[in-house]
Amino acid sequence: MRSPFRTRYLTLKEEFTPQVQAAWESTLAAALIPVLPAPAFVARLGYDLVEEAASRLEARQRRRQVWWTVGWVGGSILTVVGGLVGLHFWQRRSAQSIMETQTAEIPAPAILSAS
Amino acid sequence: MDEGEERDLIARAKHDPEAFGMLYRRYVKRIYNYHYRHTGNPGEAEDLTSRTFYRALRSMKRYHDRQASFQAWLFRIAHNLVVNWYRDQSRRRTVPLEVEDLLANHPGPESSVEEQERRESLLQAIERLPEERKTLLVLKFTEQLSNTEIGAVLGKSEGAIKSLYHRTLLSLRTMLTEEAQNEKPV
């Protein structure tokens, strides 16, 4: 059984023949004539937009330069710190190995050798 | 300007203010007209036009021509602003389109009183249409956008746009028929 609430879809071709549709379209095209903005508004907004775009570009370049500098300085500091840490560990390891060598070379006390 | 040239200009406009200025000059009249058709007020249309281009300038880096054509992308921004504008209105105002101005600017040789009256009543009927349908008509007839591009602006498929277009024509016809019947002397 068909539902009484079933949606009835329109068949558009029945409602609008191609000729009628074409007539409507030409009437609409004739009615919707473009409306032009005031030239002063166009010029002012154009000027403001170009200024805004230039200042944004400048700000972006400045930001990029700041990040570059931060990266360069940060990288340099990290390199120096890393070098110092490496040097420190190298020195500690060298000192440790020298101490171990010296301990191995100390002769046994005399009392021990007499017995 | 062909498609390739426009693509170059769009690519340049992402990092060249002058190129953005050229794009602006290319589209400003169409965007203004679009806003004017919705607001019916030159001041509001100018305000919305400015906001459209400032928003486009902010989002320019994110635009990729794979998504939609540049004009569809720009009209999408304009459309979002118009939707907000309608939302901001406490109630749906009747915005009189300045029909006399339109006709005075473009008189046309065939212009007659009857013709002007017909055009005026058609414009008034368009004015009473819901925002989406009005957008469709403006984009189709004034801006000559394809159904696919209109779909990109309104966030609908091409089929949905065709169907909406037919429904819009039908409702316009109904409105004008009712109006004509009401005007008939009893």
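None of these values were measured; they are calculated from a predicted model. Naming: A, B, ... by sequence-line order, numbering from 1 per chain.
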Quiz item: Using non-hydrogen atoms only, which part of B:Y24 is less than 4.5 Å away from chain A: side chain, backbone, both, or neither?
Solution: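 Just its side chain gets close to chain A.
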Exercise. Please look at B:K61 and chain A and tell me whether the side chain, the backbone, both or neither of the residue comes under 4.5 angstrom of a heavy atom of that chain.
Key: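 Side chain of B:K61 only, per the 4.5 Å heavy-atom cut-off to chain A.
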Quiz item: Which pair of non-hydrogen atoms, one from B:L145 and one from B:R30, has the smallest distance, and what is that distance?
Solution: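 Shortest heavy-atom separation between B:L145 and B:R30 comes out as CD1-NH2, 3.6 Å.
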Practice problem: Heavy-atom distances under 4.5 Å only: say whether B:I31 touches chain A with side chain, backbone, both or neither. | Solution: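 Neither part, no heavy atoms under 4.5 Å.
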Quiz item: Non-hydrogen atoms of chain B under 4.5 Å away: do they reach the side chain of A:S55, the backbone, both or neither?
Solution: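 Neither; nothing under 4.5 Å.
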Self-check item: ILVMFWY cluster, B:Y32 and B:L137 together (side-chain gap under 4.5 Å)
Solution: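 Same cluster: B:Y32 reaches B:L137 through Ile, Leu, Val, Met, Phe, Trp or Tyr contacts under 4.5 Å.
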Quiz item: Would you call the rings of B:F70 and B:Y63 parallel, tilted or perpendicular if under 30° counts as parallel and over 60° as perpendicular?
Solution: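 Correct class here is perpendicular.
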Quiz item: So what's closer than 4.5 Å to chain A heavy atoms on B:F20: side chain, backbone, both or neither?
Solution: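 Contact with chain A is through the side chain of B:F20 alone.
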Exercise. Quick one: which of B:K140, B:K29, B:E46 has the most heavy-atom pairs under 4.5 Å with chain A, could you say?
Key: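 Maximum pair count with chain A is reached by B:E46.
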Quiz item: In terms of side-chain heavy atoms, does A:R93 have a donor or acceptor partner in A:S97 at a distance below 3.5 Å?
Solution: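 No, A:S97 and A:R93 have no side-chain donor paired with an acceptor closer than 3.5 Å.
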Quiz prompt | Most contacts with chain B, counted as non-hydrogen pairs under 4.5 angstrom, among A:A38, A:P37, A:A53 | solution =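 Ranked by contacts with chain B, first place is A:P37.
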Quiz item: Less than 4.0 Å between a side-chain N and a carboxylate O, is that true for B:D47 and B:R51?
Solution: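 Looking at B:R51 and B:D47, the cut-off is met.
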Quiz item: Taking side chain as C-beta onward, heavy atoms only, is A:V20 less than 4.5 Å from A:W24?
Solution: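 They are in contact (side-chain heavy atoms under 4.5 Å apart), so the answer is yes.
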Quiz item: Which one, A:E52, A:E25, A:Q61, leads in non-hydrogen pairs under 4.5 Å with chain B?
Solution: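 Option with the top pair count is A:E25.
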Quiz item: Side chain, backbone, both or neither: which part of A:L49 has a heavy atom under 4.5 Å from chain B?
Solution: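 For A:L49, heavy atoms of backbone and side chain both lie under 4.5 Å from chain B.
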Quiz item: Hey, are the side chains of B:V83 and B:H38 touching, using non-hydrogen atoms and a 4.5 Å cut-off?
Solution: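 A side-chain contact under 4.5 Å is absent here.
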